[in-house]
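Okay, structure first, notes after.
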Amino acid sequence: MLTLRLIKEETDRVVRGLEKKHFAGAKEAVELALEIDRKRRETQGRLDNLLSESKQFAAQIGKLMKQGLKDEAEAAKSEVAKKKEEIASLQAALKQYEEDLVKHLCTIPNIPNEDVPEGAGAEDNVVVKEGGVKPELGKDALPHWELAKKYNLIDFELGAKVTGAGFPFYIGKMARFQRALEAFFLEEARKNGYLEVQPPLVVNQASGYGTGQLPDKEGQMYHAEVDDLYLIPTAEVPVTNIFRDVILDEKDLPVKRCAYSACFRREAGAYGKDVRGLNRLHEFDKVEIVRIDTPEHSYDSLNEMLAHVEGLLQKLELPYRILRLCGGDMSFTSAICYDFEVWSAAQQRWLEVSSTSNFESYQANRLKCRYRRSSDKKIELCHTLNGSALALPRIVASLMENNQTPEGIRVPQALIPYCGFELLDDKNF
RNA sequence: GGAAAGUUGCCGGAGUGGUCGAACGGGCCGCACUCGAAAUGCGGUGACCGGGUAACUGGUCCGGGGGUUCGAAUCCCUCACUUUCCGCCA
């Protein structure tokens with residue numbers, strides 16, 4: 001959530017930012033936040049005075065009791081009893097204002113960085129770079145779901161039988177290939193200085209709130225109700241929550257973490273042709289990179305992350321493009337976001353494989369992830385960033401389609417050391 | 001899943017109703033001594049929310065939440081976690 005300080009000190013900039021993000025009722029939302037805060041502060045002032053007085057009374061009573069002056073003590077007791085009711089009601093009011101404020105702030109999205117292009121939707125995103133070579137496939141080129149069947153690499157029906165749609169089985173060489181991709185992505189991250197962690201795949205409610213999945217996207221997460229735990233939609237959730245309520249030292253920044261995890265998404269409301277095959281799954285594998293940094297350095301960090309992700313796509317020899325998302329298409333929490341898409345030759349469309357964002361202090365404020373500045377020992381909010389590096393299914397889909405040959409699917413050179421074969425086909429042994 | 005004991009500041013650890021934000025020890029920072037360092041001595045050492053340009057100042061925080069009381073780290077309830085024992089088990 002946005003800091004109250006920002007809303008107070010730079011009200012106009014916040015309103016303009018929200019408008020750029022096509023957030024309806026920006027001005028009203030900001031004014032309401034300021035109004036709740038004003039009431040909150042006023043209430044606290046009154047409460048603090050009353051508490052201060054009754055503390056003095058209590059200390060007085062203690063002394064009187066020690067001196068054995070029972071009557072005086074009793075008189076003081078009844079005096080302080082009168083204040084109790086007002087204290088209770090002010091405390092309740094204060095608590096309510098605080099809750100209202102947080103609740104309201106959580107409904108206000110992050111404001112975009114000034115580099116974010118204007119625009120309402122996906123059509124306004126800006127292609128900042130294109131790389132790689134789109135393959136020329138013959139007329140008989142197959143989409144990946146056909147290839148999967150042809151070589152018995154992925155069984156969607158079996159997944160549907162055992163679990164449900166969107167939970168495929170990966171078979172034989174494809175299972176090994178996915179394992180190779182995970183190892184490749186993790187190894188590349190390690191080479192770039194990310195510390196690998198293997199996180200829990202389920203998290204508690206507090207973590208869901210910390211990274212903003214809750215309460216808004218509650219319907220997108222699988223919920224294990226008996227224990228009130230949520231299946232993670234991305235490793236971002238457990239990995240970023242490591243730093244919830246943590247005060248870091250500036251000298252330890254940037255913190256760089258990477259994690260491989262399965263990701264679970266209900267994808268409620270997503271239907272149609274875009275969901276075929278590997279295009280959209282309920283469970284998939286992903287390597288995530290996360291960074292915590294100072295405000296001064298976070299955009300350098302972002303650039304390093306972008307270069308890292310781009311390097312992966314180049315090593316996989318995939319045709320790709322990088323989009324800078326426009327204000328209207330960005331996620332709720334990001335200040336700037338770059339999408340990486342790979343070309344899926346048989347489907348003749350771009351598939352998103354990574355979303356790399358700087359959340360600035362928006363997420364850190366919710367998490368209470370802070371750092372102590374070396375220069376003046378002041379405590380400030382960190383900036384948080386994350387990106388997929390990378391999500392497997394669409395990479396797999398694109399590799400299958402782009403690299404199909406009459407003999408099988410050609411494995412990119414960079415992956416051969418990891419999987420131990422050069423061709424994806426049904427010859428398993 | 002059953003039983004017991006715990007959860008206090010950066011760390012260890014006291015504290016069972018009345019100047020306790022918290023003894024004591026360690027760490028860390030500053031100062032003194034020293035050519036420098038060690039050792040020693042002295043002083044300091046939290047977060048959060050208010051008020052104030054500031055110095056400073058009011059409030060909250062002893063695992064989380066709730067309760068008893070004029071007053072709670074201290075008593076009660078509840079939840080979470082930790083440790084040990086039993087059960088189960090990859």
Side-chain angles (χ1 to χ4, degrees), chain A residues 1-9 33-106 198-210 214 223-230 238 241-253 262 361 364-382:
Chain A
M1 58 190 182
L2 293 175
T3 62
L4 204 53
R5 194 169 115 194
L6 181 72
I7 294 176
K8 265 187 194 166
E9 293 175 2
L34 293 173
E35 172 63 13
I36 298 171
D37 178 55
R38 196 189 56 71
K39 286 187 192 155
R40 183 189 115 245
R41 295 202 325 271
E42 195 224 351
T43 306
Q44 186 180 343
R46 284 164 59 200
L47 175 62
D48 283 358
N49 285 338
L50 275 177
L51 283 173
S52 181
E53 285 170 27
S54 40
K55 274 177 77 167
Q56 284 168 25
F57 267 106
Q60 192 62 33
I61 291 166
K63 277 182 199 157
L64 293 171
M65 295 293 253
K66 270 190 178 162
Q67 293 166 17
L69 301 171
K70 276 245 165 94
D71 293 347
E72 284 86 340
E74 286 302 326
K77 271 193 197 184
S78 60
E79 193 62 33
V80 84
K82 290 177 194 164
K83 298 182 189 297
K84 271 199 91 175
E85 205 170 314
E86 194 177 354
I87 286 175
S89 86
L90 283 174
Q91 274 172 336
L94 183 64
K95 195 175 169 188
Q96 190 62 52
Y97 286 134
E98 283 168 350
E99 280 173 15
D100 288 351
L101 188 59
V102 170
K103 212 170 161 185
H104 179 59
L105 287 175
C106 286
Q198 191 171 16
L201 302 183
V202 293
V203 294
N204 58 28
Q205 227 179 59
S207 293
Y209 276 97
L214 295 173
H223 185 201
E225 286 182 27
V226 180
D227 297 297
D228 196 18
L229 296 172
Y230 294 84
N241 269 286
I242 294 171
F243 303 97
R244 168 154 49 89
D245 295 319
V246 168
I247 298 174
L248 295 155
D249 264 323
E250 182 170 0
K251 65 175 164 52
D252 297 325
L253 299 176
S361 62
N365 189 30
R366 184 73 164 266
L367 282 168
K368 295 286 168 273
C369 173
R370 296 166 293 171
Y371 75 103
R372 196 182 301 276
R373 270 204 309 243
S374 305
S375 56
D376 57 6
K377 306 292 173 202
K378 281 251 172 65
I379 290 174
E380 299 285 346
L381 289 173
C382 297

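Just so we're on the same page: letters track the sequence lines, and every chain starts at 1.
- Residue contacts shown for Arg370(A) are limited to sugar-phosphate atoms, with no base heavy atom under 4.0 Å away.
- For Asp48(A) against rG58(B), a side-chain-to-base donor-acceptor contact under 3.5 Å is present.
- In this model, the phosphate group of rC70(B) is not approached by any side-chain N or O of Ser54(A) to a distance below 4.0 Å at OP1 or OP2.
- Across all strands, Lys63(A) comes closer than 4.0 Å to no nucleic acid atom at all (heavy-atom distances).
- OP1 or OP2 of rG66(B) lies within a sub-4.0 Å distance of a side-chain N or O belonging to Lys95(A).
- For the pair Gln56(A) and Ala76(A), nearest-nucleotide mapping onto RNA chain B gives the more 5' position to Gln56(A).
- Side chain of Arg40(A), nearest nucleotide from rC70(B), rG59(B), rC49(B): rC49(B).
- Residues Leu34(A) and Ile7(A) have side chains in contact (heavy-atom distance under 4.5 Å, counting atoms from C-beta outward).
- An OP1 or OP2 oxygen of rG59(B) is reached within less than 4.0 angstrom by no side-chain nitrogen or oxygen of Arg46(A).
- Under 4.0 angstrom from either OP1 or OP2 of rG51(B) there lies at least one side-chain N or O belonging to Arg41(A).
- Here rA5(B) sits opposite rU82(B) as a Watson-Crick or G-U wobble pair (both hydrogen-bonding atom distances under 3.5 Å).
- One atom, OH of Tyr97(A), and another, P of rG50(B), lie 15 Å apart when rounded to the nearest Å.
- Using a cutoff of 4.0 Å between basic side-chain nitrogens and carboxylate oxygens, Asp37(A) and Lys8(A) are scored as salt-bridged.
- The separation between Leu248(A) atom CG and rC10(B) atom P is 15 Å, rounded to whole Å.
- A distance of 10.0 Å separates OG of Ser54(A) from NZ of Lys84(A), quoted to the nearest 0.5 Å.
- Inter-residue side-chain proximity for Phe243(A) and Leu367(A) is flagged as unmet; no heavy-atom pair is nearer than 4.5 Å.
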